[in-house]
Amino acid sequence: MKRFLVLLAKGFEETEAVTAIDVLRRGGVDVVLASVADTPLVEGSRKIVVKADVSIDSEGLLDFDGIYLPGGAKGAKTLRDDARAQKLIRAYKENGKLVAAICAAPIALEQAGVLKGETATSNPDFKDHIKQAAYHEEPIVVSGKLLTSRAAGTTLPFALEILRQLGLQDEAKQVSRDMMFDYLIENREKIFY
């Protein structure tokens with residue numbers, strides 16, 4: 001079974017966290033939430049509280065296939081400034097594991113130095129903070145084992161891409177069908193107006 005670590009810092013963007021967690025779990029991935037806060041109860045940017053499974057100070061946090069950083073300006077700045085989070089990000093990159101970040105969270109990747117020689121994206125408001133990577137404005141950018149995306153609205157397809165990058169293509173297709181994401185794409189002219 002594939003395993004993925006999600007870092008939650010106070011002020012995280014709830015849609016970007018919960019949607020990705022949900023999609024990954026639907027795809028059969030064991031997802032563990034690690035709190036960067038002083039408590040397992042981490043409050044998001046919209047005051048929704050999510051209970052983490054472990055603390056960022058726990059043992060065994062490198063025993064996953066990848067790491068995911070949800071955005072939210074306040075949460076992303078905490079991940080950028082927290083030495084423990086920075087150490088984890090660098091270790092995942094150095095060990096050739098997946099590193100995924102969305103919205104404002106690529107600023108934490110920039111600080112960790114893992115964007116050098118890569119291609120990346122972010123929320124447009126944080127574009128100027130991404131200096132080490134070639135910046136693209138696509139909704140999802142895959143650069144080797146580094147995955148970045150733009151905002152809350154791109155979370156579902158981004159999480160499906162994480163499944164694919166984990167080698168779970170069939171699971172990604174099934175989750176997309178089960179959640180009717182394929183239907184939305186096929187009928188976008190009728191639905192999105």
Side-chain angles (χ1 to χ4, degrees), residues 1-37 40-46 48-54 56 61 64-76 78-80 85 88-89 92-93 97-109 112 114 120-123 126 138-143 145-182 184-185:
M1 175 182 273
K2 299 292 185 178
R3 303 181 73 219
F4 229 76
L5 183 67
V6 176
L7 297 185
L8 293 180
K10 186 174 182 180
F12 70 92
E13 170 35 72
E14 293 91 338
T15 299
E16 294 164 2
V18 175
T19 300
I21 294 163
D22 180 82
V23 168
L24 292 173
R25 286 184 174 167
R26 286 175 190 250
V29 176
D30 177 23
V31 179
V32 174
L33 314 179
S35 172
V36 181
L41 300 176
V42 186
E43 183 178 86
S45 61
R46 305 296 183 281
I48 298 172
V49 177
V50 174
K51 184 179 180 196
D53 303 303
V54 297
I56 194 168
L61 295 187
F64 293 83
D65 297 290
I67 190 169
Y68 174 65
L69 286 64
K74 183 177 180 181
T78 297
L79 296 175
R80 177 195 65 197
L88 276 173
I89 294 164
Y92 271 85
K93 172 74 168 170
K97 297 182 178 189
L98 290 181
V99 176
I102 191 169
C103 194
I107 67 171
L109 304 183
V114 302
T121 194
S122 69
N123 181 286
F126 292 87
E138 286 83 20
I140 298 166
V141 174
V142 177
S143 183
K145 298 277 188 175
L146 184 82
L147 292 78
T148 51
S149 190
R150 305 219 57 196
T154 63
T155 308
L156 198 153
F158 188 50
L160 291 169
E161 184 59 34
I162 294 171
L163 285 176
R164 288 189 286 275
Q165 293 299 318
L166 285 169
L168 302 171
Q169 289 84 356
D170 292 341
E171 290 83 348
K173 286 178 188 174
Q174 187 62 49
V175 171
S176 184
R177 281 193 297 271
D178 290 349
M179 296 182 81
M180 295 188 69
F181 185 68
D182 288 350
L184 291 174
I185 297 303

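Note that this is a predicted model, so its numbers are computed, not measured.
Side-chain N or O atoms of E13 include one that pairs as donor or acceptor with a backbone N or O of T15 at under 3.5 Å. Between the side chain of R25 and the backbone N or O of V31 there is at least one donor-acceptor pair closer than 3.5 Å. Side-chain N or O atoms of E14 include one that pairs as donor or acceptor with a backbone N or O of R46 at under 3.5 Å.
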Problem set entry | Full working for side chain to side chain contact (heavy atoms under 4.5 Å, CB included) between V32 and R3 | CA-CA 8 Å; V32 174; R3 303 181 73 219; 4.1 Å; yes
Problem set entry | salt bridge (charged side-chain N to carboxylate O under 4.0 Å, His left out) evaluation trace for E171 with R26 | CA-CA 8 Å; E171 290 83 348; R26 286 175 190 250; over 6 Å; no
For this session: Apply the test side chain to side chain contact (heavy atoms under 4.5 Å, CB included) to residues V23 and M179: give CA-CA distance (whole Å), side-chain angles for both, the deciding distance (0.1 Å), then the verdict.
Result: CA-CA 9 Å; V23 168; M179 296 182 81; 3.8 Å; yes
For this session: Test F4 against L98 for side chain to side chain contact (heavy atoms under 4.5 Å, CB included), laying out the working first.
Result: CA-CA 9 Å; F4 229 76; L98 290 181; 4.0 Å; yes
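Closest heavy-atom contact between F126 and A104: CE1-CB, 3.5 Å. Residues A112 and I89 come closest through the heavy atom pair CB-CG2, 3.7 Å. Scanning all heavy atoms of the two residues, the minimum distance from F12 to I48 falls at CZ-O, 4.2 Å. The shortest non-hydrogen separation linking A101 to L109 is CB-CD1, 3.6 Å. Here the shortest heavy-atom pairing between R164 and A172 reads CG-CB, 3.7 Å.
Going from atom CG of L88 over to atom CD1 of I67 covers 5.0 Å, rounded to the nearest 0.5 Å. The CG atom of L147 lies 12.0 Å from the OG1 atom of T121; values are rounded to the nearest 0.5 Å. Annotation: the span from Q174 atom CD to D182 atom CG amounts to 10.0 Å, rounded to 0.5 Å. Here the CD1 atom belonging to I102 is positioned 8.5 Å from the OG1 atom belonging to T19, to the nearest 0.5 angstrom. For the atom pair CG (D30) and CZ (F64), the distance works out to 6.5 Å, reported to the nearest 0.5 Å. Note that OH of Y68 is 6.0 Å distant from CD1 of I162, once rounded to the nearest 0.5 Å.
Shown here are the side-chain contact (heavy atoms from CB on, under 4.5 Å) partners of K74, two or more places apart in sequence or in another chain: K10.
The one candidate from S143, P139, C103, P106 that meets the side-chain contact (heavy atoms from CB on, under 4.5 Å) condition with T148 is P106. In summary, of the residues considered (L5, D65, L146), a side-chain contact (heavy atoms from CB on, under 4.5 Å) with Y92 occurs for L5 alone.
Between S149 and I140, the closest side-chain pair of non-hydrogen atoms falls below 4.5 Å. A heavy-atom distance below 4.5 Å is not found between the side chains of L33 and V42. Between N123 and R150 the shortest side-chain heavy-atom distance does not fall below 4.5 Å. The shortest side-chain heavy-atom distance between V6 and P70 falls under the 4.5 Å cut-off.
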